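Some notes on the structure that comes next.
Keep in mind that this is a model prediction, so the values were computed, not measured. All residue numbers refer to positions in the sequence shown, counting from 1.
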Amino acid sequence: MINTPETLDALKSIIKSAKVAMLVTHSPENRLVARPMQLQEIEFDGDLWFLTRTDTDKYEEIKTNDDVNVIISEKSYASISGTAEIVDDLNKKKEFWNKAYEVMFDMDYTDPRLILIKVKSETAEYWETGSMIKSAYNFMKKVVGKEEPVEPGKSTNETLKL
């Protein structure tokens with residue numbers, strides 16, 4: 001695992017550029033279930049926040065098993081593992097609220113059926129592929145022998161413990 005300010009900044013950049021992530025939970029049959037969730041536009045400090053309703057499968061699944069994974073697939077990719085917590089904080093809901101949610105959830109932020117999911121990140125892996133300049137630079141480093149060749153089947157990603 002490589003934890004440096006640069007790797008954390010790279011992960012933050014991937015998260016910041018994404019609008020939607022896939023939240024993966026465990027069904028009652030212990031199958032993995034993924035669904036798209038709107039990411040809240042806040043500075044990543046190790047926690048990810050989502051809004052949802054209490055009458056959803058994901059709400060029940062998290063109450064039973066709080067181990068989750070969040071997948072981001074934009075120009076670059078990230079897989080963040082952690083634990084989910086159900087949070088009912090009116091001020092936090094108000095902070096994240098916008099008019100589009102009113103239509104999406106068919107309620108306002110004061111409705112008790114609206115809750116927050118807080119994902120406390122534990123580990124993350126990311127793959128930076130969105131920058132053509134960075135990709136070209138890394139390719140040239142390999143061509144001129146300035147970087148160790150990657151073994152077949154071995155990933156070129158970064159892993160962080162958060």
How long is the gap from [atom1] on [X] to [atom2] on [Y], to the nearest 0.5 Å?
X    : Y   : atom1 : atom2 : value
I80  : I15 : CD1   : CD1   : 3.5 Å
H26  : N69 : NE2   : CG    : 9.0 Å
Y126 : S79 : OH    : OG    : 14.0 Å
W127 : S73 : CH2   : OG    : 10.5 Å
K16  : L11 : NZ    : CG    : 13.5 Å
T25  : L32 : OG1   : CG    : 8.0 Å

Run the salt bridge (charged side-chain N to carboxylate O under 4.0 Å, His left out) test against [X] and tell me which residues pass, sequence neighbours left out.
X   : answer
D55 : R53
D88 : K93
E43 : K12
E41 : K19

_I'd like to check M22 versus P36 (side-chain heavy atoms, cut-off strictly below 4.5 Å). Are they in contact?_
yes

_Side-chain heavy atoms of K58 within contact of T52, under 4.5 Å_ = yes

*Give me the other members of the hydrophobic cluster that W49 sits in, counting Ile, Leu, Val, Met, Phe, Trp and Tyr linked by side-chain heavy atoms under 4.5 Å, directly or via other members.*
I42, L51, V87, L90, F96, W97, Y101, M104, F105, M107, Y109, L114, L116

*Mind checking who shares a hydrophobic cluster with V33, ILVMFWY linked at side-chain heavy-atom distances under 4.5 Å?*
none

_E85 and K120 ion-paired at < 4.0 Å_ = yes

Who passes side-chain hydrogen bond (donor to acceptor under 3.5 Å, both in side chains) against [X], sequence neighbours left out?
X    : value
K118 : none
D9   : none
D108 : T110

*Using the rule that two of Ile, Leu, Val, Met, Phe, Trp, Tyr join whenever any of their side-chain heavy atoms come within less than 4.5 Å, decide whether M37 and V70 are in one cluster.*
yes

*V119, I72: one ILVMFWY side-chain cluster at the under-4.5 Å cut-off?*
yes

*Please test L39 against V20 for side-chain contact (heavy atoms from CB on, under 4.5 Å), starting from the C-alpha separation and ending with a verdict.*
CA-CA 5 Å; L39 283 163; V20 176; over 6 Å; no

_With ring pair (Phe, Tyr, Trp, His ring centres under 6.0 Å) as the rule and sequence neighbours excluded, what pairs involving residues 55-77 come up?_
none

_Going by the rule side-chain contact (heavy atoms from CB on, under 4.5 Å), which residues pair with P112 if we only count those two or more places apart in sequence or in a different chain?_
none

*Can you see which heavy atom on A18 is nearest to which on E74, and at what distance?*
CB-CG, 3.5 Å

_V68, I71, L48 screened by side-chain contact (heavy atoms from CB on, under 4.5 Å) with L23, the one that passes_ = V68

_Assess the residue pair K75 and E128 against the criterion (side-chain contact (heavy atoms from CB on, under 4.5 Å)); give the C-alpha distance rounded to whole Å, side-chain angles, the decisive distance to 0.1 Å, and a yes or no._
CA-CA 8 Å; K75 291 180 181 176; E128 281 190 289; over 6 Å; no

*asked:* According to salt bridge (charged side-chain N to carboxylate O under 4.0 Å, His left out), does anything in residues 29-38 pair up with another residue at least two apart or in another chain? List the pairs.
replied: R35-E61

